[in-house]
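Just so it is clear: chains get the letters A, B, ... in the order the sequence lines come, proteins before strands, and each one is counted from 1. Both backbone and side-chain heavy atoms feed into the values below; hydrogens, waters and symmetry mates do not.
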Amino acid sequence: MTYVFYCVVCLLMVLVKTTLVPGQVVFETFYDLLIPFIVYLGLNRRRREGIPLALFFGLVMDSLSGGAPGLYVSIYFWIIMAMGGLSQYLHAGNWVFTSLAIGSAVAFEIVVLLFYVAAANPDMGIPSNASQIAFIQIAWAMLTGPLLMYFIGAVQRRIDAMRREAAEVN
Amino acid sequence: MFSRKSAMIVGLLILVAANIIALSIIGKKPYPSYGLGRIAITCVAPFQRLIVRTTKGMKDIWHHYFFLVSVAHENDQLRKELQLARQESITCREIRLANQRLRNLLALSKKVADNSLAAEVVGKDPSPWFKTVLVDKGGRDGVVKGMPVISPAGVVGVIIQVTGGFSKVMLITDPNSAVDALVQATRARGIIKGGGEGMCLFKYVLRKHDIREGQIVVTSGMDGVFPKGLLVGKVNSVIKKPAGIFQQVSVEPAVDFEKLEEVIILPVSRQQGDVRK
């Protein structure tokens, strides 16, 4: 049940990002919507549960993106590892901390992708509008990411409660 | 001998190094024609098509039923434009007939793209740093890697990955894209590469060529992918530095990639020649 929910969320986020968002002027350079989900998994779920999911979502993104295979898998893997480490020292439920964590994760993704773009085409370098896009993406992520995480957490709690009720009945 | 902390740091460094090495190796062949990625496209793309078609349907309903007032005004305007277009069409037909006769005289071989394929864009790249789109035609429809993709407005890109029912197209605005092209007026040759912000760079154009803003850039047919004479875009800016053998030319693509909905996939041809329907 939980894994089905995760896969549905992943599919929804990918569909929104690749079909609905590109047509909207305001959201043209929206951030990767799977990042809040990966951060959520890293902060709130066990690593043995989160890492395979992060790798699977990375594979989906790699297949839909024009970058080299393994880019998103690597990005999500390191984000979930970092968030897992952070959750041991900081309180994951704090809104400001969540916002900063998502913003940092998006910044990390931008840095890795830009590094790849620059390395793959040394004569072209980094796009001239990179800093503008990066700023917009991080700002959007910090503003809306915690909301997405809150929504995912609420549904997750509901699923856990349903599972407990079912176990008690049996 | 080693503390737990030291072992963790060493392990982490090894993992980072292994990750970078793996990415460098995989990056040398970025678009494999096999692998799990194809399964992901096969699973996600049908949903993308469903959403795109639903939103398009809703837009159509809005434009056809709720904007009738503006449509009436637009209709008047279009009637006037149609009159002008008819006149132009007659002129074009004359030119085409003359062109045909001349070609026959020169005994040029006719290379008609009969087996071209119309496809619908069902999804766009999730990352703003790469420029690819997914289209709803794949291996089952005869699409293969390397096929050129165009639209009525001009050159779109090239097929880089194919699954059973869907294909991934790398747009000419992607940094990894390269199209051999020439300026129509001066015949100056160069390579069109993606340059970010929706523009293309026309690279390796010699300084001796007199290129001006607004000049048309078309495919040269020399790359063995795109047929000769397809519209790429128009020159946006030219910078000639005091030193160096090349000039910096920026090209605005003819295709509006933000509004790209349908494309035409052309068969792979290693021959050179003009495109004629």
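Across B:V162 and B:V144, no two heavy atoms sit closer than the pair CG2-C, 3.8 Å. Scanning both residues, B:P253 and B:I172, for their nearest heavy atoms gives CB-CD1, 4.3 Å.
Counting heavy-atom pairs under 4.5 Å between each of A:D32, A:V14, A:L34, A:L114 and chain B puts A:L114 at the top. Between chain A and the options B:K131, B:K203, B:R49, the largest number of non-hydrogen pairs under 4.5 Å is found for B:K203. Listed options A:G70, A:A119, A:S74 were ranked by heavy-atom pairs under 4.5 angstrom with chain B; first place goes to A:S74. Chain A forms more heavy-atom pairs under 4.5 Å with one residue of B:V44, B:V121, B:L12 than with any other, namely B:V44. Top candidate by heavy-atom pairs under 4.5 Å with chain A, chosen from B:A22, B:A45, B:P126, is B:P126.
For A:F37 and A:Y76, the ring centers sit 6.0 Å or farther from each other.
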Could you go through the side-chain contact (heavy atoms from CB on, under 4.5 Å) check for B:L23 and A:F115 one step at a time? CA-CA 12 Å; B:L23 276 177; A:F115 183 79; over 6 Å; no
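Only the side chain of B:T55 comes within contact range of chain A, judged by heavy atoms closer than 4.5 Å. Neither the backbone nor the side chain of B:V133 comes within less than 4.5 Å of any heavy atom of chain A. Contact of A:V60 with chain B is made through backbone and side chain together, with heavy-atom distances under 4.5 Å. Heavy atoms closer than 4.5 Å to chain B are found nowhere in A:Y31, neither backbone nor side chain. Using a 4.5 Å cut-off between heavy atoms, B:L15 touches chain A through backbone and side chain atoms alike. Neither the backbone nor the side chain of A:F56 comes within less than 4.5 Å of any heavy atom in chain B. Neither the backbone nor the side chain of A:E109 comes within contact range of chain B, judged by heavy atoms closer than 4.5 Å.
Atoms CG and CE, on A:L43 and A:M83 in that order, are 6.0 Å from each other to the nearest 0.5 Å. A distance of 5.5 Å separates CE of A:M149 from CG of A:N44, quoted to the nearest 0.5 Å.
No side-chain N or O of A:E49 forms a donor-acceptor pair with one of A:Y3 less than 3.5 Å apart. Donor-acceptor pairing under 3.5 Å is lacking for the side chains of A:Y150 and A:T98.
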